[in-house]
Amino acid sequence: MDVSHLLDSLNDAQRQAVAAPLAPALVLAGAGSGKTRVLVHRIAWLIQVEGVSPQGILSVTFTNKAAAEMRGRVEALLRIPSASLWIGTFHGLAHRLLRMHWREAALTQTFQILDSDDQTRIIKKVLKALDLDETRWVPREIQWFINAQKDEGLRPKHIKDDGDPTRRQLIKIYQAYEDACQRAQVVDFAELLLRAFEIWRDNPSLLAHYRNRFRHVLVDEFQDTNTIQYKWLSLLAGPDGMPFVVGDDDQSIYRWRGARVENLNQFRRDFPGTQLFRLEQNYRSTGTILKAANALIANNSGRMGKTLWTSGEDGEKVRIYAAFNERDEADFVINRIRDWSQRGGARREVAILYRSNAQSRVLEEALLNARIPYRVYGGLRFFERAEIKDALAYLRLMSSRTDDTSFERVVNLPTRGIGAKTLDTVRAHARANGTSLWAAAGASIRELPQKAAQSLNAFLSMIEKMQAETQSLELHEKVDHVVQASGLIEHFKKEKGERGEARIDNLAELVSAARGFTLEADSELSPLDSFLAHAVLESGEAQGDAWDDCVQMMTLHSAKGLEFPVVFMTGMEDGLFPHQRSIGELASLEEERRLCYVGATRAMRQLYLTYAEQRRLHGVDTFGQASRFIGELPAELLDEVRPRVQVSRPVYVGRKNLEEPTPTGMRMGSRVRHGKFGDGVVLNFEGNGPHARIQVNFERQGTKWLMLSYANLEVV
DNA sequence: CGTGGGCGGATTTTT
DNA sequence: TCCGCCCACG
């Protein structure tokens, strides 16, 4: 068979990976080196050359977007419908398994999925039930703890408290949370993975079935896998498996949420004879950008090693701009965007990246002022909006009466006279009898005062009635009916201002989302249940006109996987990026460096790094120094735009730059040197004459107040 | 039951 | 500075 179409368009390294023998393979794929291409072609290779049946292939990604892209490209290349392949996210695939094997998973068929917001609510409820103080036991921290345990594959019974009472309490809360979820038949994101793992681990015949079926497992972004994902994969592959995994240790930026970059090495140990491929030729960026990125990442330890190169031009130098403050920084960015537009560039080709979301505001204001359209990525997504979740809660309750979270959410929304007191009775009843709130509500009617009983009864029968009335309706008609009959529309109409209108628009949008929803072919679920799962698992891109010609704004994290002709990395100051909280520990500092590497390698033609010497942060002015990452870039690749003479010049961190000291030239923001504490930046003055004190933020020692007359500072 | 003011906290994010 | 959350009041 002629397979040239699978290999012709590939470079040598890519070709070797695609056509690798059937054995475990690890592809180290640098940024912009065509890793998705390799994955897609490998799938085609397996089917067309190795004769593997499409049903035998499982391809896993992290995001729905990546899964969709993979699916699209496989279809385009193979010219067959991709429905017979299992392509999906870890969570999506785990969910699919649990739906098929809900009995083995000890679930009811109508179990529902929790998003993290729902999860917080349940935790708060559990804390209340345990009579714990929320200031001592912070729900968000508990949530973090529970998810971290699940990500590691640990159930409460597996965790040792080591005699630590705090830990013991956490474990107790975890257990109580588990019980609450099981009672309500709801499953959080981490639980999807853990339970999918457990049903395989505990059912040898089931595992054997899937091992036999999915002989070919492919994984994208392997460096982002956490422990349970890795365990799930290795269990499926088995000792004789031949997973094909693609990843880049230099782009591992999710350690903080459980990703284990060590899984790359673990993989090589667990699958002896793993073939290793390196994709180092980059098709995205100029030579200069790649050299800068390579130099930066070379400062990290323990890398698997990889150097990006391009056959293309060196291109322009990396531009560094030292702004006076954050407004100046924004102005600079805007001027450069104007230049780009004037030369015929599209706005959508420009990305402004920042470390944390809070930084976007100043930039947005400036863009607004300059009348440059922009789009901010990240933020509330469609299915996460409160009004959408309200409507979904009604639908979920119709589908699963045990879903306590949904019950609590809408039992009194819009208000229908079911107050805290009534609910307390119901909750107590539920707890005493170990039933759902729904069941408890029905059972506690007799104990309630007449008025409350009436209201509660009305609610129960409304749900029953809605279900009966919509039974034979199409999905979107169902949704429409519920939105109306629940009183939500009326309720939001009363809300003043544009806010209420926007909510009603969103509810209308939900109806059309339901209309446009297509059921997966082999789904075992009813259209409604399928839609509900879809709403949680694929909560939808932030609404926005993706195709308008907008400047793209996002955090460095969300830029991963994307590329832009022009990239601005803003806020390149120590303390901001690398973030203050990551500076102390080597491992987290190195993760910040990888994040910087990810940011830089997004740029195709022009890369700008900007920082502000003075920045208003949380309402206070701070004086920062250029990010150490700028100092790690080779000077010959940089072009310093409009260097400022009067203020600091800390561009090349670590470079000795001795000038004649000018003791009188000190002011806020000046760079100074102390005989013992080293270099720093002046933050503040206090008093005068012999009592004058000066506050200096030293690079190594942190912030200190010094007596000006003794400090013997020299201006650098 | 709904709202306004006071208070504390303020990476990064997907599912 | 600003946002979100909690509690106290109408």
**Report entry** A:F531: partners by ring-ring contact (aromatic ring centres under 6.0 Å, His included), with sequence neighbours left out
**Finding:**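 Checked A:F531 against ring-ring contact (aromatic ring centres under 6.0 Å, His included); matches are A:F517.
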
**Report entry** With A:Y597 via ring-ring contact (aromatic ring centres under 6.0 Å, His included) - residues at least two apart
**Finding:** none

Query - Residue-phosphate contact under 4.0 Å: A:T555 side-chain N/O, B:dT13 OP1/OP2 - result: yes

Query raised in the report: Does A:N64 put a side-chain nitrogen or oxygen below 4.0 Å from OP1 or OP2 of B:dT14?
Result: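 So the side chain of A:N64 is outside the cut-off, no N or O lying under 4.0 Å from OP1 or OP2 of B:dT14.
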
**Report entry** Base-contact (B) and sugar-phosphate-only (S) positions in nucleotides 1-10 of chain C, heavy-atom cut-off under 4.0 Å, - elsewhere
**Finding:** BS---S----

Report task. Would you mind telling me which residue lines up with the more 5' stretch of DNA chain B, A:T63 or A:A358, judged by nearest nucleotide? Result ->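 First, find each residue's nearest nucleotide; the 5'-ward one identifies A:A358.
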
Query raised in the report: Which comes earlier along DNA chain B counting from the 5' end, the contact point of A:H91 or that of A:I253, where each point is its nearest nucleotide?
Result: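 It is A:I253 whose nearest nucleotide is closer to the 5' end.
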
What is the separation between atom [atom1] on [X] and atom [atom2] on [N], rounded to the nearest whole Å?
X: A:Q229; N: B:dT15; atom1: CD; atom2: C1'; answer: 9 Å
X: A:R594; N: B:dT13; atom1: CZ; atom2: P; answer: 17 Å
X: A:R255; N: B:dT13; atom1: CZ; atom2: P; answer: 17 Å
X: A:R381; N: B:dT14; atom1: CZ; atom2: C1'; answer: 7 Å
X: A:Y254; N: B:dT14; atom1: OH; atom2: P; answer: 6 Å
X: A:R96; N: B:dT15; atom1: CZ; atom2: P; answer: 18 Å
X: A:R615; N: B:dA10; atom1: CZ; atom2: C1'; answer: 15 Å
X: A:R355; N: B:dT13; atom1: CZ; atom2: C1'; answer: 11 Å

**Report entry** Ring-base stacking, A:W256 with B:dT11 (5.5 Å, 30° cut-offs)
**Finding:**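 By the stated criterion, A:W256 and B:dT11 do not stack.
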
Requested in this report: Measure from the side-chain heavy atoms of A:R257 and tell me the nearest of B:dT15, B:dT12, B:dT14.
Outcome: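 So the nucleotide nearest the side chain must be B:dT14.
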
Query - Shortest side-chain distance from A:T415, nucleotide among B:dT15, B:dC1, B:dT11 - result: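 That would be B:dC1.
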
Query - Separation between the C1' atoms of B:dT12 and C:dC5, rounded to whole Å - result: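 Approximately 23 Å lies between the C1' atom of B:dT12 and that of C:dC5.
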
Query raised in the report: Expressed in whole Å, how much space separates the C1' atoms belonging to C:dC3 and B:dT14?
Result: 23 Å

Query raised in the report: Does anything in residues 571-590 of chain A reach DNA chain B, meaning a heavy atom under 4.0 Å, and if so which residues?
Result: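 Per residue number, the list reads A:H579, A:R581, A:S582.
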
When all nucleic acid strands are considered with a 4.0 Å heavy-atom cut-off, which category describes [X]: base, sugar-phosphate, or nothing?
X: A:I418; value: sugar-phosphate
X: A:N357; value: sugar-phosphate
X: A:D224; value: nothing
X: A:D188; value: nothing

Requested in this report: Would you tell me whether A:Q112 and A:S400 have side-chain atoms, one donor and one acceptor, within less than 3.5 Å of each other?
Outcome: no

**Report entry** Min side-chain heavy-atom separation A:L192-A:L537 under 4.5 Å
**Finding:**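 Touching, per the 4.5 Å side-chain cut-off.
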
Requested in this report: Output all residues satisfying side-chain contact (heavy atoms from CB on, under 4.5 Å) with A:W200, sequence neighbours left out; order by chain, then residue number.
Outcome: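 Expected list: A:L97, A:L206, A:L207, A:Y210, A:W232, A:L235, A:L236.
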
Pairing residues for [X] by the side chain to side chain donor-acceptor pair (under 3.5 Å) criterion, not counting sequence neighbours:
X: A:S360; answer: A:E364
X: A:R593; answer: A:N300, A:E632
X: A:Y394; answer: A:R416
X: A:D224; answer: A:K560

Report task. Would you confirm whether A:T570, through its side chain, and A:L353, through its main-chain N or O, come within 3.5 Å as a donor-acceptor pair? Result ->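 Checked: pair present.
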
Requested in this report: Taking A:R99 for its side chain and A:F111 for its backbone only, find out whether a donor-acceptor pair lies under 3.5 Å.
Outcome: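 Side chain of A:R99 to backbone of A:F111, a donor-acceptor pair under 3.5 Å: yes, one is there.
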
Query - Chi-angle category of B:dT12 [syn within 90° of 0, anti beyond] - result: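 Classified anti.
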
